[in-house]
K.L.:
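Quick one: the structure is below, and I'll ask about it shortly.
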2 protein chains.
Amino acid sequence: MSTILDVAKLAGVSTATVSRVINSPKTVREKTRTKVTRAMKTCNYKYNALARGFATKQSNTIGLIIPTINNPVFAESTRGVQDYADQQKIQVILGNTYYQNDQEEELVKTLREKQVDGLIITTTNPRGDALKTLLDENFPFVLLYSTVKSGPLSAVGIDNFQGGYRATEHLVKLGHKRIGMVAGNFSKSDRSLHRWHGYRQCLKNHGIDYDKNLLAQTDYSLTGGRDSAKKLVSLQNRPTAIFCSNDYLALGAMKGARELGFNLPKDLSIVGFDDIHIASYVIPELTTIRQPAYEMGNLGAKLLLQRIGGKIKPEQLMLESSLIVRESTTKAPGIPNN
Amino acid sequence: MSTILDVAKLAGVSTATVSRVINSPKTVREKTRTKVTRAMKTCNYKYNALARGFATKQSNTIGLIIPTINNPVFAESTRGVQDYADQQKIQVILGNTYYQNDQEEELVKTLREKQVDGLIITTTNPRGDALKTLLDENFPFVLLYSTVKSGPLSAVGIDNFQGGYRATEHLVKLGHKRIGMVAGNFSKSDRSLHRWHGYRQCLKNHGIDYDKNLLAQTDYSLTGGRDSAKKLVSLQNRPTAIFCSNDYLALGAMKGARELGFNLPKDLSIVGFDDIHIASYVIPELTTIRQPAYEMGNLGAKLLLQRIGGKIKPEQLMLESSLIVRESTTKAPGIPNN
DNA sequence: TTGTAGGCGTTATCAG
DNA sequence: CTGATAACGCCTACAA
């Protein structure tokens, strides 16, 4: 593998000049430039970005830490950060935590060793040591999906409380009184927790007693959603509607209910969260809270690169979420159809 | 940021020794080792993997190039390679080509500049310059998903021809004569092309004339699947069954057919390809050809790391695919139910 | 506009 | 078991 030194010799110039034609072509006379370019060709020169990173202390690489790429909502935001990064000639290293805090800490460590310029994290534990350390050491990172409205850490997310509230409110307005919730484990996701707070608050505001039996916490999987839904609808005084803390769980929940012979949405209304692409491709089409995942990733990358670029002050971007009413929710049994 | 030099000074040893306690702790006396370890703590030393990569010419990073992380099947294989890589302390840089060959070439270039030790590629163009160059320069890479049974390039995939054949055969056996195919553009995926070949061969073997009007090529998206299905079922002499070259398209196709008032599967049988997780969570549950995506990614990573590790000879791993019959396919109209 | 030379943090070789 | 020191490939003052 040839280096700029080889090129330099071949072209009869110094390495500095070669470096210049690579990084700031205009600062070198056209004649020498073509001479160098030609030399690069003939010795099949390949640029070594690693060496550059080593010399400049900028790897032009960022790390992206998500729970799991299997959940389409994370695939979507991942695409958002990739596209933005790509456009800025930045590469992204991806890591899955599988909702495990130790994995998250491990990933942060490895990625920093790899000298990533910054980190985008959908965290499993907003109060964990990993983030605290990053903060202390003033390492550039931005949180994705979390509800952070102020404070010292950068974030782009949505108001998860509000989202949970709206989802529940939609159900309440349809006349539902027994409203269950299938939620990802609170210990592993602040998003889920905040959505649940919104759910509780909404019930309260509408004079509906909170029944803790109607809450099922589960791991974030299709089967988790399915089993949790089965559990809830098997209760003596079963819910007539279920709010799932994400679409992935909702898809599972729909299957669970169906397996027990429930007719959707007649027997059971379901509302999800995220609005992943397939949400509108299933039967019944899923009513959900839409959050702009791609945009979130995109903006997250933008924010991060800005911070890396020198803008020091942390900043929070709070995007809008909205209720998308489709077919999976309907009037509560006994409520006249208008 | 402190370096091993700082640590060395603090501990009163040489940088070589510090390097040793990092890379081969047993080769240094326990006493000095603890001395060094302590010094690392006190000056908050952080290992610089980039510098290591620079010195050793091994970045411990691999590149993963896929069409798009949005398709759950690629998310699954991505997870497979990530998990294997992670276990070997290797990081993976992810890139989407969006089925564009120039993007693929660009990615290969950038990733090589980043000094990745190898590449795993789900290619858009098996005969493109990108791969040819890699081959010529003997750069370690392995193809994913493609049908490669021999030759000079490493690959782990399935027999796509056979998969297409089996999918079609299933339909034929159900009595279907008019069998359409919704396929991703052949120019962008050899997998799709091979599946189509299998489809044609199966028709031929069963004395069914091939009708080119029953083939719809499309881009790889839910909407692409939807629109293509609509087109096919709107034909005068419409198909009673459709084989979609992947599940993602199949999901779209199901929606398209429904939007035109078709009752699934009674009016139209649909078989997909991949067996993505949600395939069994939609209504009707999707009949499909299962390919072991996670395992494929996992093995791909394994194969690649072996090649990087010195094993020179390219090798092909051909995994088994299988027909999974679920609810989206049924007897052709007019065929007695048994 | 171009060249010289030191430096980035780690590994690896060779002595001791 | 430990130390000294030369790479590794590129960038960047500083000089010319």
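Labels below follow one simple rule: chain letters A, B, ... track the order of the sequence lines, proteins then strands, and each chain is numbered from 1. What you see is a predicted model, and the numbers here were worked out from it, not measured in a lab.
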K.L.:
Rounded at 0.5 Å granularity, tell me how far CD1 in A:I62 sits from CZ in A:F141.
P.N.:
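Between A:I62 CD1 and A:F141 CZ, I get 14.0 Å after rounding to 0.5 Å.
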K.L.:
Nearest to the side chain of B:T15, heavy atoms from C-beta on, is which of C:dT11, D:dT2, C:dG9?
P.N.:
C:dT11
K.L.:
State whether A:R52 places a side-chain N or O below 4.0 Å from either non-bridging phosphate oxygen (OP1 or OP2) of D:dG9.
P.N.:
no
K.L.:
Regarding B:Q316 and B:K149, is there a side-chain donor-to-acceptor distance under 3.5 Å anywhere?
P.N.:
no
K.L.:
Just by distance, no angles: are the side chains of B:T61 and B:Q115 close enough, under 3.5 Å, to form a donor-acceptor pair?
P.N.:
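No, no side-chain donor-acceptor pair sits under 3.5 Å.
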K.L.:
Categorize B:T3 for me: base, sugar-phosphate, or nothing, with a 4.0 angstrom heavy-atom threshold over every strand shown.
P.N.:
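Sugar-phosphate: the residue B:T3, judged by heavy atoms under 4.0 Å, touches backbone atoms but no base.
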K.L.:
Considering just the side-chain nitrogens and oxygens of A:S14, establish if one lies under 4.0 Å of OP1 or OP2 belonging to C:dG3.
P.N.:
yes
K.L.:
By nearest atom, which of the nucleotides C:dA12, D:dC10, C:dT10 is closest to the B:T56 side chain?
P.N.:
C:dA12
K.L.:
Looking across every strand, which nucleic acid part, if any, lies under 4.0 Å from B:V18 by heavy atom: base, sugar-phosphate, or nothing?
P.N.:
nothing
K.L.:
Does A:S19 place a side-chain N or O at less than 4.0 Å from the phosphate oxygens OP1/OP2 of D:dC10?
P.N.:
no
K.L.:
For B:N23 and C:dT11, is the shortest distance between a side-chain N/O and OP1 or OP2 below 4.0 Å?
P.N.:
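For C:dT11, OP1 or OP2 has a side-chain N or O of B:N23 closer than 4.0 Å.
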K.L.:
Select one nucleotide: of C:dT10, C:dG3, C:dT1, the one nearest the side-chain heavy atoms of A:A16.
P.N.:
C:dG3
K.L.:
If you take any heavy atom closer than 4.0 Å to DNA chain C, which residues from residues 31-43 of chain B end up in contact?
P.N.:
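Heavy-atom cutoff 4.0 Å gives no residues at all.
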K.L.:
Please determine if a side-chain N or O atom of A:T17 lies less than 4.0 Å away from the OP1 or OP2 oxygen of C:dG3.
P.N.:
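For A:T17, the contact criterion (side-chain N or O under 4.0 Å from OP1 or OP2 of C:dG3) is met.
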K.L.:
Which residue, B:N48 or B:R20, contacts DNA chain C at a nucleotide closer to its 5' end, judged by nearest heavy atom?
P.N.:
B:N48
K.L.:
May I ask you to establish whether A:R112 and A:F139 are in a cation-pi arrangement, using a distance under 6.0 Å from NZ or CZ to the six-membered ring centre and at most 45° from the ring axis?
P.N.:
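Positive - A:R112 is close enough to the ring of A:F139 and near enough to its axis.
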K.L.:
5'-most contact on DNA chain D: B:T27 or B:K57, nearest heavy atom basis?
P.N.:
B:T27
K.L.:
Which one, C:dT4, D:dC8, D:dT2, comes nearest to the side chain of B:V28?
P.N.:
D:dT2
K.L.:
In whole Å, what is the span from the CZ atom of B:F54 to the C1' atom of D:dA7?
P.N.:
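One finds 9 Å between C1' of D:dA7 and CZ of B:F54, rounded.
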K.L.:
Go through the side-chain N and O atoms of A:S221 and A:D219 and say whether any donor and acceptor fall under 3.5 Å apart.
P.N.:
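Yes, A:D219 and A:S221 have a side-chain donor paired with an acceptor closer than 3.5 Å.
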